[in-house]
Student: 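My questions all concern the structure below.
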Amino acid sequence: SYLQDKREKAFNDFVRAGFPTNKMESWRGTDLSKALSQEYELRMEAPASPVDLETIFHCTVPHFETYLVAQLNGWYVYNNSPLTYLPNGVVVGSLAAAFRQFPELIEEHYGKYALTDSDGLTALNTAFAKDGIFIYVPDNTTVEDVIQSVNIVDSDRNLMLQSRNLIILGKNSHLKLVHCDDSISHQVSFINSVTEISLGCNASLDHYKLQNKDEHSTLINSVYFRLEEGSSLNSSAVSLNGGIIRNCAEVILAGENSSANLYGLYLMDRNQHIDNQVFVDHAVPRCQSNEMFKGILDDHASGVFNGH
């Protein structure tokens with residue numbers, strides 16, 4: 001019932017707000033009209049058969065050892081179980097499975113940071129998202145392995161994906177997370193991804209976002225962080241390829257002595273377009289934040305940056 005109420009409100013918010021246009025102040029530099037003129041398929045059911053991740057994705061970065069989890073066309077990929085319970089109490093797996101397994105955690109965090117009142121695409125995602133990555137790190141826990149989350153698009157159809165991720169770090173916990181967006185096929189795609197991340201008191205997160213998409217893709221990647229007292233965030237976005245990429249990072253420094261460092265690097269060429277939007281809310285005193293974004297634009301590529 002909690003999710004149903006969230007979906008209904010979000011759908012009504014989307015109907016009211018609609019898709020963003022470049023007449024809106026925050027969208028003046030990014031035009032989605034061409035991307036939205038395509039016809040897309042919205043897949044609301046999980047793949048019928050198990051998927052062997054090894055056959056479709058290989059990380060080519062040498063000496064990069066990670067704990068790999070993946071989404072394929074918006075759905076979590078697994079062989080044995082949709083949720084993996086690590087010995088230290090960490091839970092990694094499917095958000096759809098977490099909806100059923102951890103209803104109290106879901107009600108405490110899901111939809112609490114990614115608000116749908118003023119953002120049409122976040123509202124659309126909340127109304128239609130079915131699955132994504134779920135990570136829970138309990139109090140006083142350090143995750144030794146880097147967790148690598150890969151969002152892969154591989155289809156012979158034009159897909160519109162509404163993937164959703166929820167990451168929860170308990171008090172005094174520590175996590176290193178790499179979030180990769182990659183394409184296997186080169187069909188037209190529209191990925192509207194929303195991630196909510198909660199950092200408990202004195203928790204720390206090193207967050208890396210790596211994007212290597214194709215020329216025919218539109219990627220809207222919205223990440224909402226909430227930092228409690230004494231917590232720290234280091235987030236770096238590296239964008240290498242993509243037709244249209246828009247990264248939106250919204251950080252709420254909700255507890256005193258919390259800190260956030262947000263960095264970005266982009267290398268775009270041909271007719272590619274990159275848009276980085278950062279909003280940091282110093283909601284309480286005695287907090288610190290830093291932003292630094294640098295990029296190279298070649299050929300007819302274009303870029304936008306707004307930091308608030």
Side-chain angles (χ1 to χ4, degrees), residues 1-27 30 32-33 35-36 38-46 71 73-76 93-136 149 151 153 158-168 179 181 189-198 218-226 244-252 254 275 277 279 281 283:
S1 60
Y2 175 80
L3 288 173
Q4 185 65 26
D5 291 343
K6 282 286 183 186
R7 290 189 194 281
E8 289 179 1
K9 180 184 183 303
F11 184 77
N12 291 330
D13 287 341
F14 173 71
V15 169
R16 184 179 66 254
F19 286 103
T21 71
N22 57 0
K23 294 182 179 180
M24 300 175 179
E25 178 63 26
S26 61
W27 284 86
T30 300
L32 294 180
S33 58
L36 293 173
Q38 305 284 337
E39 290 190 3
Y40 296 100
E41 180 179 302
L42 186 64
R43 293 184 178 175
M44 301 301 291
E45 300 296 333
Q71 298 176 67
N73 299 334
W75 291 89
Y76 180 70
S94 160
L95 181 60
F99 285 157
R100 298 184 292 270
Q101 194 69 25
F102 303 104
E104 293 181 357
L105 270 179
I106 295 299
E107 291 193 23
E108 183 179 355
H109 295 281
Y110 185 84
K112 296 297 178 65
Y113 320 123
L115 304 181
T116 61
D117 306 80
S118 57
D119 189 298
L121 288 173
T122 296
L124 181 68
N125 177 282
T126 304
F128 287 99
K130 300 288 285 185
D131 200 8
I133 302 297
F134 172 79
I135 300 174
Y136 170 67
S149 167
N151 186 13
V153 178
N158 294 353
L159 296 183
M160 176 174 278
L161 306 181
Q162 308 290 339
S163 59
R164 186 71 171 239
N165 308 303
L166 178 61
I167 295 135
I168 304 166
H179 179 187
D181 291 293
S189 62
F190 192 108
I191 302 100
N192 179 31
S193 174
V194 172
T195 301
E196 294 179 290
I197 302 179
S198 172
T218 299
L219 172 62
I220 313 297
N221 200 327
S222 302
V223 186
Y224 297 85
F225 301 92
R226 181 180 176 88
I244 296 175
I245 296 177
R246 180 175 165 105
N247 294 314
C248 304
E250 183 171 307
V251 181
I252 300 178
D275 184 347
Q277 301 280 330
F279 181 85
D281 181 3

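A quick note: this is a predicted structure, and the numbers were derived from the prediction, not measured.
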Student: To check you understand the geometry: which heavy-atom pair defines the closest contact between Ser163 and Asn125, and what is its length?
Tutor: O-ND2, 2.9 Å

Student: Got a second to check how far Lys6's NZ is from Leu3's CG, nearest 0.5 Å?
Tutor: 9.5 Å

Student: Counting only N and O atoms by type, is there a donor-acceptor contact under 3.5 Å from the side chain of Asn12 to the main-chain atoms of Glu8?
Tutor: yes

Student: Applying side-chain contact (heavy atoms from CB on, under 4.5 Å), can you list everything that pairs with Ala17, at least two apart in sequence or on another chain?
Tutor: none

Student: So how far is it from Ile191 CD1 to Ile244 CD1, rounded to the nearest 0.5 Å?
Tutor: 11.0 Å

Student: Hey, could you give me the CG/CG distance between Asn221 and Asp275, rounded to the nearest 0.5 Å?
Tutor: 12.0 Å

Student: First locate atom NZ of Lys112, then atom CD1 of Ile252, and finally report the distance between them rounded to the nearest 0.5 Å.
Tutor: 12.5 Å

Student: Could you work out, with side chain to side chain donor-acceptor pair (under 3.5 Å) as the rule, every residue matching Arg16, not counting sequence neighbours?
Tutor: Asp13

Student: Got a sec, which residues hit side-chain contact (heavy atoms from CB on, under 4.5 Å) with Ser198, two or more places apart in sequence or on another chain?
Tutor: His109, Tyr113

Student: Mind checking what makes side-chain contact (heavy atoms from CB on, under 4.5 Å) contact with Tyr40, not counting sequence neighbours?
Tutor: Ala35, Gln38, Asn158, Met160, Val188, Phe190

Student: Quick one: does Arg164's side chain have a donor or acceptor within less than 3.5 Å of a partner on Gly74's backbone?
Tutor: no

Student: Go through the structure and list residues passing side chain to side chain donor-acceptor pair (under 3.5 Å) with Asn165, not counting sequence neighbours.
Tutor: Gln71, Thr195

Student: Quick one: list whatever passes salt bridge (Lys or Arg N to Asp or Glu O under 4.0 Å) with Glu41, sequence neighbours left out.
Tutor: Arg43, Arg157

Student: Taking ring-ring contact (aromatic ring centres under 6.0 Å, His included) as the test, write out the residues that go with Phe99, two or more places apart.
Tutor: Tyr110

Student: Quick one: does Glu104's side chain get under 4.5 Å of Glu108's, heavy atoms only?
Tutor: no

Student: Mind checking the CD1-CG spacing from Ile133 to Leu166? Nearest 0.5 Å is all I need.
Tutor: 11.5 Å

Student: Which residues pass the ring-ring contact (aromatic ring centres under 6.0 Å, His included) test with Tyr136, not counting sequence neighbours?
Tutor: none

Student: Just jot down the ring-ring contact (aromatic ring centres under 6.0 Å, His included) partners of Phe102, sequence neighbours excluded, or say none.
Tutor: Phe134

Student: Taking only residues two or more places apart in sequence or in another chain, which ones pass salt bridge (Lys or Arg N to Asp or Glu O under 4.0 Å) with Asp281?
Tutor: none

Student: Supply the atom-to-atom distance Leu161 CG to Ile220 CD1, rounded to the nearest 0.5 angstrom.
Tutor: 12.5 Å

Student: Minimum heavy-atom separation for Ala283 and Ala254, please, with both atom names.
Tutor: CB-CA, 4.5 Å

Student: The criterion is salt bridge (Lys or Arg N to Asp or Glu O under 4.0 Å); which residues satisfy it with Glu250, sequence neighbours excluded?
Tutor: none

Student: When you compare the side chain of Ser222 with that of Leu121, does any pair of heavy atoms fall below 4.5 Å?
Tutor: no

Student: Is there a side-chain contact between Tyr224 and Val194 in this structure, where contact means two heavy atoms from C-beta onward sitting under 4.5 Å apart?
Tutor: yes

Student: State which residue, out of Val251, Ile197, Ile167, fulfils the side-chain contact (heavy atoms from CB on, under 4.5 Å) condition with Val223.
Tutor: Ile197

Student: Any side-chain heavy atom of Thr218 sitting closer than 4.5 Å to one from Arg246?
Tutor: no

Student: If we only count heavy atoms from C-beta on, is the Pro20 to Leu32 side-chain gap below 4.5 Å?
Tutor: yes

Student: For Ala98 and Ile106, which heavy atoms make the closest approach, and how far apart are they?
Tutor: O-CG1, 3.7 Å

Student: Can you name the ring-ring contact (aromatic ring centres under 6.0 Å, His included) partners of Phe19, sequence neighbours left out?
Tutor: Phe14

Student: With heavy-atom distances below 4.5 Å as the criterion, would you say the side chains of Glu196 and Arg226 are in contact?
Tutor: no

